[in-house]
Amino acid sequence: MDLVPDIFFEKQEGYLCAQHALNALLQGPYFTAVDLASIGRDLDAKESLVHGRATSGNNYDDSGYFSIQVIQSALKVWDVELVPWGSESAAQARQAPQDELGYICHLDQHWFTLRKFSVPWRWYNLNSTQSHPTYLSETYLGMLLQQIQNEGYSIFIAKGHLPACGADEKAVHLAPPSFQEKEKGKTPFSGVGYRLTDTPLQDTTTASSSFGGGKNEKSDAPAPSMDEIRRKRLARFG
């Protein structure tokens, strides 16, 4: 039995990969592009004050791209920190990557998430350019992280406590993956990075002009209540 039907997953819409990566890590529709644009504007305003000149556009743009600073600020709402893979504090993760909560990876303005569901043998690649989540074996997780690092990706380790989700609860009760499932977890990496101008995806005029949210491919796992989402956002951003 697999977790895929229970995993919250957003397919790529426009260039909203930062939104998709965040919601994949948190496992729910926690952030829209409107929310992230608001955070980006706030960060731009603060940077403008520090530098004494306008710095609009440093943290987001009209295509729907958002900087690592926007993603980090959004995750602070949930007391989740992103630690660079190459930092001294990431030494343990480099030794045993399967024991971490998840990873957010970046190359050429594309963001995607690798996430564990409760147990070290239940890792999934939640790259929004895929048609669905794909299982990663523990062994292949380490190989994949090494591969994408060699390809120039920036890798950030998620530290803290992620919100509870149905897939996490189900993973605890599932038997360890079968041999066949582990073999599938060795499939070649499909999350190729790309530049926004090279992405052969749907037109983004509507999405970027209105900063609408991405398309949600939801599972049967309960979504967070709107009251909870609103309370968390207000607590951080007012």
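- Ser87 is linked by a side-chain contact (heavy atoms from CB on, under 4.5 Å) to Val83, Pro84, Ser89, Ala90, counting only residues two or more places apart in sequence or in another chain.
- Judged by distance alone, the side chain of Asn23 and the main-chain N or O of Tyr30 form a donor-acceptor pair under 3.5 Å.
- Shortest non-hydrogen contact noted between Ala171 and Leu3 is CB-CD1, 3.6 Å.
- Counting only N and O atoms by type, the side chains of Ser38 and Asp35 include no donor and acceptor under 3.5 Å apart.
- Gly142 and Pro97 make their closest contact through CA-CG, 4.1 Å (heavy atoms, listed as atom of the first residue, atom of the second, distance).
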Distance-only check: which donor-acceptor pairs under 3.5 Å involve side-chain atoms of residues 161-169, not counting sequence neighbours?
residue : atom : partner : partner atom : Å
Asp168  : OD1  : Arg115  : NH1          : 3.3
Asp168  : OD1  : Ser118  : N            : 3.1
Asp168  : OD1  : Ser118  : OG           : 3.4
Asp168  : OD2  : Arg115  : NH1          : 3.4
Asp168  : OD2  : Arg115  : NH2          : 3.2

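- If you take CD on Gln12 and CD on Gln19, they are separated by 9.5 Å, rounding to the nearest 0.5 Å.
- Residues Ile39 and Leu36 are in side-chain contact: their nearest non-hydrogen atoms beyond the backbone lie under 4.5 Å apart.
- Here CG of Leu114 is found 8.5 Å from OG1 of Thr134. Values are rounded to the nearest 0.5 Å.
- Minimum heavy-atom separation, Gly152 to Leu107: O-CD1, 3.5 Å.
- Counting only residues at least two apart or on different chains, no salt bridge (charged side-chain N to carboxylate O under 4.0 Å, His left out) pair has a member in residues 81-91.
- Rounded to the nearest 0.5 Å, atoms CD1 (Ile157) and CG (Leu101) are 10.5 Å apart.
- Interatomic distance, CG of Leu25 versus CD1 of Ile104, reported as 5.0 Å (0.5 Å rounding).
- Side chain of Trp111 to main chain of Phe66: a donor-acceptor pair is present (N/O by atom type, distance under 3.5 Å, no hydrogens or angles).
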Worked check of side-chain contact (heavy atoms from CB on, under 4.5 Å) between Tyr124 and Val4: CA-CA 9 Å; Tyr124 287 82; Val4 170; 4.0 Å; yes
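- Classification of Arg122 and Asp2 as a salt-bridged pair holds, one side-chain N sitting under 4.0 Å from a carboxylate O.
- Atoms OG1 and OH, from Thr113 and Tyr103 in turn, are 12.5 Å apart once rounded to the nearest 0.5 Å.
- Of the possible donor and acceptor atoms, one in the side chain of Gln130 sits under 3.5 Å from a partner among the backbone N and O of Asn125.
- Using a 4.5 Å cut-off on side-chain heavy atoms (C-beta onward), Gln27 and Leu126 make contact.
- Side chain of Ser73 to main chain of Gln69: a donor-acceptor pair is present (N/O by atom type, distance under 3.5 Å, no hydrogens or angles).
- Side chains of Lys11 and His20 form no contact here, defined as non-hydrogen atoms less than 4.5 Å apart.
- Taking the six-membered ring for Trp and the full ring otherwise, the centers of Tyr153 and Phe112 sit less than 6.0 Å from each other.
- Contact check for Leu43 versus Val70: side-chain heavy atoms found under the 4.5 Å cut-off.
- Atom OH in Tyr15 sits 12.5 Å away from atom NE2 in His110 (nearest 0.5 Å).
- Among residues two or more places apart in sequence or in another chain, the side-chain contact (heavy atoms from CB on, under 4.5 Å) test is passed with Gln146 by Gln149, Asn150.
- Residues satisfying the side-chain hydrogen bond (donor to acceptor under 3.5 Å, both in side chains) criterion with Gln98, sequence neighbours excluded, are absent altogether.
- Annotation for Trp123 and Glu100: closest pair CZ2-O, 3.2 Å, computed over non-hydrogen atoms.
- When every heavy atom of Ala93 is checked against every heavy atom of Trp85, the shortest pair comes out as O-CH2, 3.9 Å.
- Among residues two or more places apart in sequence or in another chain, the ring-ring contact (aromatic ring centres under 6.0 Å, His included) test is passed with Phe156 by none.
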